[in-house]
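Everything on this sheet refers to the single structure shown next.
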Protein chains: 2
Amino acid sequence: MSDASTDSTSPGVRLSGPLYKDVKRQMMELLTRGEWKPGEAIPAERRLSERFGISIGTVRKAIDELVGENILIRQQGRGTFVATHNRDRLLFYFFHVVAEEGPKEYPDVRLQQFAKGKADRVAADRLGVEIGDAVFRIRNLLRLGGTPVIVDDIVLPAARFPGLDEKQFRERPSTIYNLYQEAFGISVVRTSERLSATLADADSAALLDLEKNAPLLQIRRVALTYNEVPVEYRVSHVNTMHYEYWNELGRS
Amino acid sequence: MSDASTDSTSPGVRLSGPLYKDVKRQMMELLTRGEWKPGEAIPAERRLSERFGISIGTVRKAIDELVGENILIRQQGRGTFVATHNRDRLLFYFFHVVAEEGPKEYPDVRLQQFAKGKADRVAADRLGVEIGDAVFRIRNLLRLGGTPVIVDDIVLPAARFPGLDEKQFRERPSTIYNLYQEAFGISVVRTSERLSATLADADSAALLDLEKNAPLLQIRRVALTYNEVPVEYRVSHVNTMHYEYWNELGRS
DNA sequence: CAGTGGTCTAGACCACATT
DNA sequence: ATGTGGTCTAGACCACTGT
């Protein structure tokens, strides 16, 4: 219990710095390797403290950080679970388009296009692949309150989504990120977005039931999984006539 | 030092729930009342644990939460300080307009207008005051990389900013939020923003050196101080030709 | 009831900054 | 050398969930 370097759960070597950071890193490896799967409970804190041969408080500190990054979820009396992508999580963390007044709505997603293609310069750069590498291109139209509000153009690196087909997108029971997680073991943990104002092109205008050159909010998003690895590039165009992009600053 | 209910630093009554939440609440009161001032160090953790008659770990947990809300700042070996508004903090937490490529820049702010007026319906609603209450209206033009990029229209409730005048805005040495804090004891802790796409009106177009009806990113921001009290309403219009609004989701 | 996470304690020692 | 926050320990007890 004392020598971590001979423990099967600790493939890495204890290098330096705080012990709880090392424990956190080891837990991340278990997650990345899929030994702890989304939706499952991880071992109890007491058990982990015994396994790692450390104090329970140190285990808690490691878990605290993973909970803070929305990778684990604590539930008093039940256990600590690996986070899954459900509707509520999407709505709470990743979907920031809201009505001017009233509660948050979940969008009605309709697939418009599904195609295989090659990565252009921008997508390759954002996804960390080579120009010309195989990608999937998906276009979705999102409705809120019954009217079309958002056009999503998604680019996925084909190498990470082997066998992805249109059917999976149509039959998706929950969110898109849930599909990535369930079917391909890819958990989106964080996204980075860049927003700008543009004018509607003919395509977007038609889909969103607007005049050409109407003002649209453009969102360019990169979705990242564990260890900051990019897995999706998405360009959204939002009609902000009745909906807006909501954001809070200074929370962390 | 042992009985919190007779201690001058603990005016409230211990009601229920976790002890550290109560300690946090008491520390918030000290901050709100100005007994702990921005830039100053608060008493050492050991001293606080003695003063409150509790364990040092419990004090740390209360401080942890305040640090997480950017109200206190820990510095190992030096102490724990009440957060101040300097350029770096603004840039890091509250200024999200960045160049498409390259590092973050601090904007060059130029005052365009300063006037006293009455709150309209929207401003009154956002600021939690009555329609017709006295307000200050400030217009700033912000330059990045030498060119005008943002027009800020700021509304401040006059009641909270007694004696504010144009001179203070012109001679401001640091950020606007620093002025609020230094001159009026108002610490902006968090902001809530709503973004949409609009077309430039004649005024904005002239200031930003654009054609009328050019697409602009509109940001409507409410700035909040301790306990979610609104203190500023601001509408920004951003030319996103060469700069964009940057955001990260899923961090917390 | 047993098992889980949540709170709280009372210390020890470490890393860092200042004097 | 002193004082600060940062880490880590080894427990106790509480609050909650499920059986």
ask   = Can you list the steps and then say if B:Gln181 with B:Ser187 is a side-chain hydrogen bond (donor to acceptor under 3.5 Å, both in side chains)?
value = CA-CA 5 Å; B:Gln181 188 174 64; B:Ser187 293; 2.8 Å; yes
message = Between B:Arg170 and B:Glu166, is the salt bridge (charged side-chain N to carboxylate O under 4.0 Å, His left out) condition met? List the steps.
response = CA-CA 6 Å; B:Arg170 292 206 183 278; B:Glu166 191 166 343; 2.9 Å; yes
request  = Report the C-alpha separation of A:Tyr243 and A:Glu100 in whole Å, then their side-chain angles, then the decisive distance to 0.1 Å, and conclude whether the side-chain hydrogen bond (donor to acceptor under 3.5 Å, both in side chains) test is met.
outcome  = CA-CA 5 Å; A:Tyr243 292 83; A:Glu100 287 180 350; over 6 Å; no
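The residue B:Ile63 sits apart from the nucleic acid: no heavy atom pair falls under 4.0 Å.
Atom pair A:Glu45:CD and C:dG6:P shows a separation of 6 Å (rounding to whole Å applied). What separates NZ of A:Lys21 from P of D:dG6 is a distance of 12 Å, to the nearest Å. Residue B:Gln75 contributes atom CD, which lies 13 Å from atom C1' of C:dT18 at whole-angstrom precision. Atom CG in A:Leu19 sits about 11 Å away from atom P in D:dT7, given to the nearest Å. What separates CG of B:Leu72 from P of D:dT4 is a distance of 16 Å, to the nearest Å. Rounded to whole Å, the distance from CZ on B:Arg74 to C1' on C:dA15 is 15 Å. Straight-line distance from the CZ atom of A:Arg46 to the C1' atom of C:dT7: 12 Å, rounded to whole Å. Distance CD (B:Glu50) to P (D:dT4): 10 Å, rounded to an integer number of Å.
The aromatic rings of A:His96 and A:Tyr245 lie tilted to each other, with the angle between the two planes from 30° to 60°. A perpendicular orientation is assigned to the rings of A:Tyr177 and A:Phe94, their planes being inclined by more than 60° (bins at 30° and 60°).
For A:Gln76, the side-chain atoms get nearest to C:dG6 when compared with the rest of C:dG6, C:dA15, C:dA10. Considering only side-chain atoms of B:Arg60, the nucleotide from C:dT9, C:dG5, D:dG5 that sits closest is D:dG5. Residue A:Ile54 places its side chain closer to D:dT9 than to any other of D:dT9, C:dC8, D:dT7.
Within the 4.0 Å cut-off from OP1 or OP2 of D:dT9, at least one side-chain nitrogen or oxygen of A:Thr58 is found.
Contacts of residues 77-84 of chain B with DNA chain D (heavy atom under 4.0 Å): B:Gly77, B:Arg78, B:Gly79, B:Thr80.
In this structure, A:Glu105 contributes its side chain and A:Leu144 its backbone to no donor-acceptor pair below 3.5 Å. Within the 3.5 Å criterion, the main-chain N or O of B:Asp165 finds a donor-acceptor partner in the side chain of B:Gln168.
The 5' end of DNA chain D is approached more closely, in terms of each residue's nearest nucleotide, by A:Lys61 than by the other of A:Lys61 and A:Ile56.
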